[in-house]
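Written below as structure tokens is the structure these notes are about.
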2 protein chains.
Amino acid sequence: MTTRPRISDVAAAAGVSVTTVSLVLNNAKTRISADTQQRVRDAARAVGYAPSALARGLRTQRTRTVGLISDQIATTPFAGRMLAGAQDVARDHGHLVFLLDTGGDAGIEAEAIAALSAQQVDAMIYACMWHRTVEPPAGIRADTVFLDCRPAGGSHRSVVPDDRAGGAAAVRELVAAGHRRIAYIDASEPKPIASALRFEGYLEVLAEAGIDPDAVLRVDVTEISARGGREAADMLLALPADRRPTALFCFNDRIAAGAYMAARHRGLEIPRDLSIVGYDDQQFIAAEQDPPLTTVALPHYEMGRWAMEVALGVRAEEDEDATHLMECPVIRRDSVGPPPAQVAKPSRRRASHNTERPPSAAPDR
Amino acid sequence: MTTRPRISDVAAAAGVSVTTVSLVLNNAKTRISADTQQRVRDAARAVGYAPSALARGLRTQRTRTVGLISDQIATTPFAGRMLAGAQDVARDHGHLVFLLDTGGDAGIEAEAIAALSAQQVDAMIYACMWHRTVEPPAGIRADTVFLDCRPAGGSHRSVVPDDRAGGAAAVRELVAAGHRRIAYIDASEPKPIASALRFEGYLEVLAEAGIDPDAVLRVDVTEISARGGREAADMLLALPADRRPTALFCFNDRIAAGAYMAARHRGLEIPRDLSIVGYDDQQFIAAEQDPPLTTVALPHYEMGRWAMEVALGVRAEEDEDATHLMECPVIRRDSVGPPPAQVAKPSRRRASHNTERPPSAAPDR
DNA sequence: ATGAAAGCGCTAACAC
DNA sequence: GTGTTAGCGCTTTCAT
């Protein structure tokens, strides 16, 4: 092909005017004879015609494109599902998405907004890769929808996970299994917004169950990682038997993975000796623990869909609130069981961090 | 703002013609008086002018956009870095990227190609989320560059990781540490193209070191996962002492994580009793093993950059080959050490899969 | 050193 | 039922 066929080529081939071609190709309700319609369609196919989105956009002032600005797409495992959700609904509605990752740089962000505006995108989404509060970038259009973050001041529509309810659901799993001494291994400073929310859920369920919260059972990790989780869990498990938790609710799955390590080093078997629940349902982490980790999933795909649906105006806005809370489902796997029948008799050896065997270890050999 | 300011608004504000505005805003080499230039720029800023990318694209037939078609962006942890690499160079050259994920569906793929063509993107990238051979989709433009996949028949330019060299590098780590009995825990059928390549590297280094490959030391996993890796490693570690490997090269980090589990269940300490190297340098997996896993990194960010650079024509094409091989650097962490001083005396108990203690375990209590 | 005007490919108001 | 034409906002040739 030397050059793209234009609408006039189709018109010529079909022996009609461009108006007619435009009309039939846009399925206008207009009265064009069925015969002509067929001729036009055949001609279009014959010359390999596809309308120029540029020309059409210029003329109609609707581009059928949407801009998606994200921070940090590179370094997060969750981005993909959010993008996929947004993508899917965009495609279903005939829209294309411009993806602009800013790496969190405000200058790049400003450029991105300008570029998108120059492209006359029909809608705009501002996505964060973890739930947080953001200052809406200067000059961002008012109908932008915020994905996985809350604009300060509730100035724009947004969707975030319901971390409070998720935290409650996690702890409820544990309470239902019979646990009463449940620790919360929290994130470190500066804490993500989800941290306090999940803790609220924790307290709520404890109250429901008539359990007094014990301050020693809430510990902050030194860093959000398996290593941090391991250290924190290790402190908890070193507590005297009557104060020691029988279950751990971890801020996220990576921390939970660290808790597994700590348990292992103390010879504790999960869930027989210790129950654990995580958060995030992080791919390749939660399901691949040994035993697989019970956790709470972050609804990234759904949030991505929701954001695109409201951005495109294809969702009946059921709620009045600017920010929509999306449910976090619990994913039951094998790390929760009833608490050990009797409290293990206190071992008087101080946390020596290693080869202590579980009370129940087989006296083998 | 009611409606976007047009170039004529700027012209009016500056008291010049639109030609002049266009010229100065596009930094034409033309001779426009410095004074006029300033007036125009001031006027543009004053009215908040930004040129319409649509109109400009329609006129120039260059849109400064590029289409990036990907399969499976949702379910892979590597997508982000590839996108970030592509993104960064696009931005540096003033281009915007349309991201279209097809989920691997051929129908959607065809639509995506059509949509991108309608948008008159200046360039196109076809990305896979893991190294494989693909049949180029029908109708894809000839100058498309393939990212992390090879088009069948070498019909298009492409960039993929150098898995053979990566496999060699991994095994060389082990050989350098003194190992001679090195197992390769391979992927399962249908094997990724990388599987055979890494194995080639393995054989190459063995040959270099004068080590005869032992067929029992190559085992396929039943599934690519921690569980698969665990089972495979378990078989290997159950071998009689004189046939047992002292080091494991795993097809990927998840499999390596499974190997850690198997080692742990046998009371083997890493790297004292067993050395392990993985592949992928997968985020939150490799670095968070206990001890952190030595592995080979996949150069996703760099491949993303490379692809966009050639797509945009901003890279001097140094190599004649249609497919560019990108180096996979080894990431040294703590899972490789010298082989155990003497071969452990063969335990005659058959692989009982559990509480066997390492020879060196403290006889505590 | 600056301006007039054509035209990129399309849609839609209006005429017939 | 179908055709003519203006114009979306810009770049660029050609005049001056």
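Chain letters run A, B, ... following the sequence lines, proteins first, then strands; residues in each count from 1.
For A:D105, there are no salt bridge (charged side-chain N to carboxylate O under 4.0 Å, His left out) partners, not counting sequence neighbours.
The side chain of B:S17 contributes no N or O atom lying less than 4.0 Å from OP1 or OP2 of C:dA4. For D:dG1, neither phosphate oxygen OP1 nor OP2 lies less than 4.0 angstrom from any side-chain nitrogen or oxygen of A:T20.
The distance from atom CZ of A:R64 to atom C1' of C:dT11 is 14 Å, rounded to the nearest whole Å. Between the CZ atom of A:R39 and the C1' atom of D:dT2 there is a distance of 11 Å, rounded to whole Å.
A salt bridge is absent between B:R39 and B:D42; no separation between the charged side-chain nitrogens and carboxylate oxygens falls under 4.0 Å.
Within the 3.5 Å criterion, the main-chain N or O of A:T63 finds a donor-acceptor partner in the side chain of A:D122. Looking at B:R64, its side chain never comes within 3.5 Å of a backbone N or O of B:L96 through a donor-acceptor pair.
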* Structure fact -> Whether each nucleotide of nucleotides 8-16 of chain D has a protein heavy atom under 4.0 Å at its base (B), only at its sugar-phosphate (S) or at neither (-) is summarised, 5' to 3', as BBBBB----
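Two end axes, each from the C1' atoms of five base pairs, can be drawn for the helix from C:dA1-D:dT16 to C:dC16-D:dG1; they diverge by 40°, to 10 degrees.
Ring pair B:Y126/B:F146 is tilted by interplanar angle, where 30° to 60° counts as tilted.
For the side-chain contact (heavy atoms from CB on, under 4.5 Å) test with A:R157, the passing option among A:D143, A:T323, A:T144 is A:D143; the others fail.
A donor-acceptor contact closer than 3.5 angstrom links the side chains of A:Q37 and A:R41. One side chain, B:D101 or B:S70, offers a donor N or O that lies under 3.5 Å from an acceptor on the other.
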